[in-house]
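Some notes on the structure that comes next.
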Amino acid sequence: MQLKINADKLKQLRESRCWSQQQLADMAGLSLRTVQRIEAKSVASQESIKCLGAVFDIAITELFADNALTDNPAPDSPQPDEEAISAPSSIENDHNKSLQTEQGKLEIRKLHIAFWIVLASHLFGFYGIFSAFGEQRIDESTFQLLKNTVSIALVFSAIVFFFKHTRLKKKYGLGSSLL
């Protein structure tokens, strides 16, 4: 299925980056002839639009013309049906889903960094407690109290991390991997 795109916008984006049609084709993984045809006829396949949107790092809807479906599809392409009419929105949904997945991965990475900072803080606390006890600056009951307090805080931090991590994975529909 061929979709109408705004060829002027495409050409303007390409020229604003001082790219030739060949350079755009290479970066988008398209043939030079395909890029030439898209700019000349203002029609492109869904896959070509996805490639161009990714290269320019823009939402693919920005490339669509006012009437995205062509009235005369290419002879070898199927006639538009209900699925074809919803194609621009399904392409946009795919793009949004990939952005959401990347956002989820970024939030999980931030959570991991926060956890490692908290873990390092606890280890530093343990070091201070054990050093003070070894140098006999604190008595045994104070040592036990401080050691147990830091241990409980560490376990609580790990539990909070686990639940936040699980919630983020569910929210963003990510797999079982920790990253």
Side-chain angles (χ1 to χ4, degrees), residues 1 3 5-6 9-10 13-14 16-17 19 23-30 44-64 68 81-179:
M1 172 185 48
L3 300 170
I5 67 162
N6 186 340
K9 170 88 174 182
L10 177 65
L13 286 167
R14 179 178 59 80
S16 70
R17 290 166 173 80
W19 293 344
Q23 289 171 317
L24 175 59
D26 291 343
M27 286 185 273
L30 303 171
S45 69
Q46 292 179 23
E47 281 302 311
S48 295
I49 293 171
K50 285 181 186 178
C51 293
L52 292 169
V55 166
F56 290 119
D57 195 26
I58 60 172
I60 56 175
T61 54
E62 292 182 37
L63 293 173
F64 290 136
D81 53 13
E82 289 300 318
E83 184 179 317
I85 292 172
S86 66
S89 62
S90 71
I91 294 171
E92 183 64 25
N93 288 342
D94 289 346
H95 180 69
N96 288 340
K97 187 173 181 179
S98 76
L99 287 177
Q100 186 179 14
T101 300
E102 289 303 315
Q103 181 182 4
K105 287 179 180 179
L106 179 63
E107 285 190 38
I108 288 175
R109 284 187 192 109
K110 287 179 183 178
L111 182 64
H112 285 187
I113 291 169
F115 178 75
W116 286 110
I117 290 170
V118 168
L119 180 64
S121 300
H122 284 93
L123 292 175
F124 185 70
F126 277 124
Y127 175 76
I129 293 167
F130 279 88
S131 293
F133 182 69
E135 296 171 1
Q136 297 180 348
R137 289 185 287 160
I138 58 174
D139 61 6
E140 187 171 343
S141 62
T142 305
F143 168 73
Q144 291 295 330
L145 176 69
L146 291 174
K147 179 180 65 91
N148 291 342
T149 303
V150 173
S151 298
I152 290 169
L154 179 59
V155 169
F156 180 74
S157 298
I159 291 170
V160 168
F161 165 76
F162 174 76
F163 284 115
K164 282 188 172 187
H165 183 267
T166 303
R167 193 185 78 224
L168 284 173
K169 281 183 7 182
K170 285 180 183 176
K171 178 180 177 182
Y172 292 105
L174 299 174
S176 62
S177 120
L178 288 177
L179 294 177

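Quick note: residue numbers are just sequence positions, from 1.
- Expressed to the nearest 0.5 Å, how far CG of Leu3 lies from CD1 of Ile60 amounts to 9.0 Å.
- Across every non-hydrogen atom of Leu63 and Gly53, the tightest pair is CD1-N, 3.9 Å.
- Contact record, Ala44 with Ile49: CB-CG1, 3.8 Å, taken as the closest heavy-atom pair.
- Across His122 and Ser157, no two heavy atoms sit closer than the pair CE1-OG, 3.5 Å.
- Under the 4.5 Å side-chain criterion, counting only non-hydrogen atoms from C-beta, Val118 is not in contact with Phe161.
- To the nearest 0.5 Å, atom CG of residue Leu119 and atom NE2 of residue His112 are 12.5 Å apart.
- Side-chain contact check for Leu10 versus Asn6: every heavy-atom pair is 4.5 Å or farther apart.
- Here the closest non-hydrogen pair linking Ile108 and Lys169 is CD1-CG, 3.9 Å.
- Side-chain contact between Leu30 and Leu24 is absent, with no heavy-atom pair separated by less than 4.5 Å.
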_Show, in sequence, the C-alpha distance, side-chain angles and deciding distance for Phe115 and Leu111, and conclude whether the side chain to side chain contact (heavy atoms under 4.5 Å, CB included) test is met._
CA-CA 6 Å; Phe115 178 75; Leu111 182 64; 5.8 Å; no
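- Atom CZ of Phe143 and atom CG of Asn148 lie 9.0 Å apart (nearest 0.5 Å).
- Taking CG from Leu168 and CZ from Arg109, the interatomic distance works out to 12.5 Å, rounded to the nearest 0.5 Å.
- Note that NZ of Lys9 is 13.0 Å distant from CG of Leu52, once rounded to the nearest 0.5 Å.
- Taking both residues in full, the closest heavy atoms of Val55 and Met27 are given as CG2-O, 3.4 Å, listed atom of the first, atom of the second, then distance.
- The pair Glu107-Lys110 fails the salt-bridge criterion, with no side-chain N (NZ, NE, NH1 or NH2) lying under 4.0 Å from an Asp/Glu carboxylate O.
- The two atoms that bring Phe133 and Glu140 nearest to each other are CE1-CA, 3.7 Å, heavy atoms only.
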